[in-house]
Amino acid sequence: MFRNFFIVLIVLALVGCGKESINNTQIGIVGENEPITRAEAARMVSLNSYGIEEINAMERKITFQDTDISKWYDKYINAAFTANLIAGVDSEHFAPDEYLSLRQAQFLLDKLKPDNKVKLQYAQEDKDKPIPYNIWVSAFERDMNTEKLKTQELKIYADKSQCKSLGDNFLITDLGITYYEGNENLSSKNEISAIVNKNTIAALKTINEIKEYDNLEVVESTDKYIRVKVPGGTRKFNIEGNTADVGDVVKIEIDSEGGYTIK
């Protein structure tokens, strides 16, 4: 619980919470009772300082043995390192897949904001225990650079299964073409709460199953499908017996088996 920008943190055994999943992605609060990795933390803090274009264009300064340019997190580690926000566990290793400890988390929070008032409360003997992903994100959100980052609720309208030209790591959301690299496998079956830097997802807060899309303008219609406007493009929905006309604004409900109905 937050009180006066302080976090009271009870460190629990880190066990799976048995949530429903879609496409290997947990539904509900992201990372509840699950630790955050150092790579995920690097993504968040780098996007707190830079836009994705700046990160992609950066000179690679890191020389750690346990990451390379082919890894999704390499550029974020490089950017966070360049910004002097995060260092390796030693001179030769970053340990991207290891967990961010409570002590490391507090160090990062203090780096993000010099007058930081977000303090993680833990016993000294627990300082090297991992911090759960959702607790870290809550603390990060209090400290984040609000000129770069904001929290938004987003529906995912399409992924590469609907639009092959999107490729990996791209989605169509309320932001238009949206970029995400990380451990969660997001798809058009999801709606999310996320911390974003323009059209790039820095952190996921919740992932839920989409039940409906609303206020969709029909741009093509047959008795078997409709095509509707979505941010940054269009999407086709197969609907047998469709009676909607071009120009109609419709709501599409999604049933438990992934079928579509116009309401």
Side-chain angles (χ1 to χ4, degrees), residues 20-27 30 39-40 43 47 51-57 68-76 152-242 244-263:
E20 178 187 1
S21 66
I22 293 178
N23 294 337
N24 300 317
T25 297
Q26 282 195 341
I27 299 303
V30 177
E40 291 171 319
R43 181 190 63 222
L47 286 165
I52 192 65
E53 297 85 1
E54 295 173 285
I55 291 172
N56 284 331
D68 62 68
I69 203 165
S70 69
K71 303 291 187 181
W72 71 261
Y73 45 69
D74 186 85
K75 63 188 176 187
Y76 299 116
Q152 284 196 244
E153 308 296 318
L154 303 171
K155 277 188 167 69
I156 300 176
Y157 294 92
D159 56 45
K160 68 177 181 179
S161 67
Q162 288 89 31
C163 181
K164 292 181 181 178
S165 62
L166 280 174
D168 294 332
N169 308 320
F170 289 93
L171 306 159
I172 301 294
T173 75
D174 299 281
L175 300 173
I177 296 177
T178 304
Y179 190 62
Y180 173 69
E181 292 176 294
N183 296 328
E184 300 290 340
N185 182 22
L186 299 176
S187 81
S188 60
K189 295 182 179 180
N190 304 138
E191 58 185 4
I192 60 177
S193 174
I195 296 172
V196 298
N197 180 325
K198 294 183 178 178
N199 66 337
T200 302
I201 296 172
L204 293 165
K205 297 185 67 182
T206 63
I207 303 173
N208 290 299
E209 188 173 0
I210 290 178
K211 300 297 184 184
E212 65 178 33
Y213 294 103
D214 204 358
N215 295 315
L216 300 176
E217 182 182 347
V218 179
V219 295
E220 184 182 357
S221 179
T222 75
D223 62 352
K224 296 184 182 298
Y225 71 85
I226 61 171
R227 188 176 298 278
V228 299
K229 286 184 181 179
V230 296
T234 65
R235 178 177 168 183
K236 177 182 176 182
F237 289 89
N238 293 319
I239 302 174
E240 289 288 339
N242 164 55
D245 294 322
V246 172
D248 287 351
V249 176
V250 299
K251 175 192 290 185
I252 296 178
E253 292 189 350
I254 306 167
D255 64 30
S256 59
E257 296 180 355
Y260 304 115
T261 305
I262 294 178
K263 296 292 184 182

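Owing to the predicted nature of the structure, the values given are computational and were not obtained by experimental measurement.
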Practice prompt. For Ile226 and Ile252, run side-chain contact (heavy atoms from CB on, under 4.5 Å): C-alpha distance rounded to whole Å, both residues' side-chain angles, the deciding distance at 0.1 Å, then the answer.
Written response: CA-CA 11 Å; Ile226 61 171; Ile252 296 178; 3.9 Å; yes
Discussion item. What verdict does the side-chain contact (heavy atoms from CB on, under 4.5 Å) test give for Ile201 and Leu47, after you've listed the backbone C-alpha separation in whole Å, the side-chain angles of each residue and the deciding distance to 0.1 Å?
Written reply: CA-CA 9 Å; Ile201 296 172; Leu47 286 165; over 6 Å; no
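Residues passing the side-chain hydrogen bond (donor to acceptor under 3.5 Å, both in side chains) test with Glu220 are Tyr225, Arg227, sequence neighbours excluded. Partners of Tyr73 according to the ring pair (Phe, Tyr, Trp, His ring centres under 6.0 Å) rule, which considers only residues two or more places apart in sequence or in another chain, do not exist here.
Between Val196 and Tyr180 there is no side-chain heavy-atom pair separated by less than 4.5 Å.
Distance check, rounded to the nearest 0.5 Å: CG of Asp214 to NZ of Lys155 gives 7.5 Å.
Evaluation of the ring-ring contact (aromatic ring centres under 6.0 Å, His included) test over residues 184-203, restricted to residues two or more places apart or in two chains, returns none. Counting only residues at least two apart or on different chains, the side chain to side chain donor-acceptor pair (under 3.5 Å) pairs with a member in residues 254-263 are Arg235-Tyr260. Within the structure, the side chain to side chain donor-acceptor pair (under 3.5 Å) test picks out the following pairs touching residues 192-205 (sequence neighbours left out): Glu141-Lys205, Glu153-Ser193. Applying the side chain to side chain donor-acceptor pair (under 3.5 Å) test to residues at least two apart or on different chains, the pairs with a partner in residues 161-179 are Lys75-Tyr179, Tyr157-Asp174, Asp159-Ser161, Lys160-Asp168, Gln162-Ser188, Thr173-Thr178, Tyr179-Glu181.
Using a distance-only test at 3.5 Å, with no hydrogens or angles considered, a donor-acceptor pair links the side chain of Asp248 to the main chain of Asp245. Side-chain N or O atoms of Asn56 include none that pairs as donor or acceptor with a backbone N or O of Glu53 at under 3.5 Å.
No more than 12 heavy atoms of other residues, nucleotides or ligands lie within 6.0 Å of CD1 in Ile177, so this atom counts as exposed by the packing criterion.
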